[in-house]
Amino acid sequence: MNDELLRDEVIDVGEMPDLLEDVPEDHRSGFVAVVGRPNVGKSTLMNALLGQKVAIVSPRPQTTRNRITGILTRPDMQIIFIDTPGIHAPRHRLGEFMVEQALASLPDADLILWVTDVSKPPREDDLRVAEVLRAQTLPVFLVLNKIDITKPDGLQAHAQAYRELVTPAAELAVSALRGLGLAELLALLREQLPPGPRYFPPDQISEVQERFLVAELIREKALYHLREEVPHAVAVDVEEFKERPTGVIYIAARIFVERESQKGILVGKGGSMLKRIGREARMEIEQVLGSRVYLDLWVK
Ligand code: GDP
Ligand code: MG
């Protein structure tokens, strides 16, 4: 075994307990389920709250029944945001079975953030989410989002309509897009969360953040090799992201370009360019994730 490797391992093990235990006495922590119909701004809110602070570290988070969408760590609190698949009201009628499923995924949470679009009155999809929320007992924070595009009279009327659908433990008008009301929202969350430890190291990143980071690294490599040809038109979609039993992380990603000619450049003769981009991206991804990676790249 080589010396350097050994030293790294010792440092890792030595630092972890400090990071976890060195919290003030009134530290709060907990799991917050973020729910709401599509398009109300859940993702925008998550991004705004978590910032683009994508720190770089392993080990990766434990996966629970619920998907961790982000971890917010401050000196005084840690919030683990979770997504509850099934609750975001599908197009068809939310059947009893689906309500049960959605309910079953909630007990892992300490409280629920119900994100709504207050620029509009509640609609069918919102009513279905509310139905699930009424059937459970966790405190619900009503987040009235998009106040930046809400007319003053609409704000009152719509807020009242949302409020009547559940009995919120707290409510807050915000604009996730403009960053309005977010500090207040975090303060309210802190008040409501129980005293508790830091469940994850401060620089832990969630799988969603990892995917984002992986996509950015691949995009960066593709852009680098194309830079004279394509200034901006490269998008990357991470389609699979799985840790295999061997510990190798399998990632399948698709690179989207606008024109056939760009595709030709990216693929290269006999696929040589794509291989090169894949190799360069993989090496960086391995560093960032601290694991071995198998990267499958496609161009579309
Ligand atoms: P999700 O489906 O609930 O995750 O919603 P998204 O976060 O994807 O947002 C849906 C759309 O609403 C996007 O176009 C966002 O830019 C927009 N949006 C989100 N929050 C706000 C806000 O506070 N104000 C405005 N004007 N638009 C917002
Ligand atoms: Mg979303």
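In this text the structure is predicted, and so the values were computed from the model without any measurement.
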Drop me the distance from [X]'s [atom1] to [Y]'s [atom2], to the nearest 0.5 angstrom.
X	Y	atom1	atom2	result
E284	K221	CD	NZ	3.5 Å
L297	K275	CG	NZ	12.5 Å
I285	I251	CD1	CD1	5.0 Å
K263	E258	NZ	CD	15.0 Å
L186	L72	CG	CG	6.0 Å
Q262	I265	CD	CD1	7.0 Å

For the pair [X] (side chain) and [Y] (backbone), establish whether a donor and an acceptor sit closer than 3.5 Å, ignoring hydrogens and angles.
X	Y	value
N145	A176	yes
E171	L142	no
Q78	Y199	yes
R28	E191	yes
Y162	D117	yes
D110	F31	yes
Q192	L189	no
S29	I79	no
K42	G36	yes
R163	P168	no

side-chain contact (heavy atoms from CB on, under 4.5 Å) against I149, all qualifying residues, sequence neighbours excluded: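 If we apply the side-chain contact (heavy atoms from CB on, under 4.5 Å) test to I149, skipping adjacent residues, the hits are S119, K146.
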
Could you tell me whether [X] and [Y] make a salt bridge, using a distance below 4.0 angstrom between a side-chain N and a carboxylate O?
X	Y	result
K151	D153	no
R37	D126	yes
D26	R190	yes

Does the pair L111 and L138 meet the rule for a side-chain contact (heavy atoms from CB on, under 4.5 Å), with working shown? CA-CA 5 Å; L111 63 93; L138 295 172; 5.6 Å; no

Atom of [X], atom of [Y] and distance for their closest heavy-atom approach:
X	Y	result
G278	L295	O-CD2, 3.6 Å
I147	S175	CG1-N, 3.8 Å
V115	G41	CG1-C, 4.4 Å
P38	D125	CD-OD2, 4.4 Å

Does OH belonging to Y250 count more than 12 external heavy atoms closer than 6.0 Å?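 Yes, the 6.0 Å shell around OH holds more than 12 heavy atoms from other groups.
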
Decide if atom CZ of R292 counts as having more than 12 heavy atoms of other residues, nucleotides or ligands within a radius under 6.0 Å. no

Measure the shortest side-chain to side-chain distance between V236 and L217 over non-hydrogen atoms and say whether it is less than 4.5 angstrom.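 No. Closest side-chain heavy atoms not under 4.5 Å.
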
With heavy-atom distances below 4.5 Å as the criterion, would you say the side chains of V132 and V35 are in contact? no

In terms of hydrophobic clusters joined by side-chain contacts under 4.5 Å, are L127 and W114 together?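 Shared cluster, yes.
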
Do L155 and L177 sit in the same hydrophobic cluster, where Ile, Leu, Val, Met, Phe, Trp and Tyr count as joined when their side-chain heavy atoms come under 4.5 Å apart? no

Set out, in order, the CA-CA distance, both residues' side-chain angles and the distance that settles side-chain contact (heavy atoms from CB on, under 4.5 Å) for L193 and V32, then state yes or no. CA-CA 9 Å; L193 287 175; V32 172; 4.3 Å; yes

Could you give me the CA-CA distance, side-chain angles and deciding distance for L172 and V143, then say whether side-chain contact (heavy atoms from CB on, under 4.5 Å) is met? CA-CA 5 Å; L172 215 77; V143 178; 5.6 Å; no

Decide side-chain contact (heavy atoms from CB on, under 4.5 Å) for L113 and L45; before the verdict, give the C-alpha distance in whole Å, the side-chain angles of both, and the deciding distance to 0.1 Å. CA-CA 11 Å; L113 274 194; L45 181 66; 4.2 Å; yes

Do we see a donor-acceptor contact under 3.5 Å between the side chains of Q160 and Q156? no

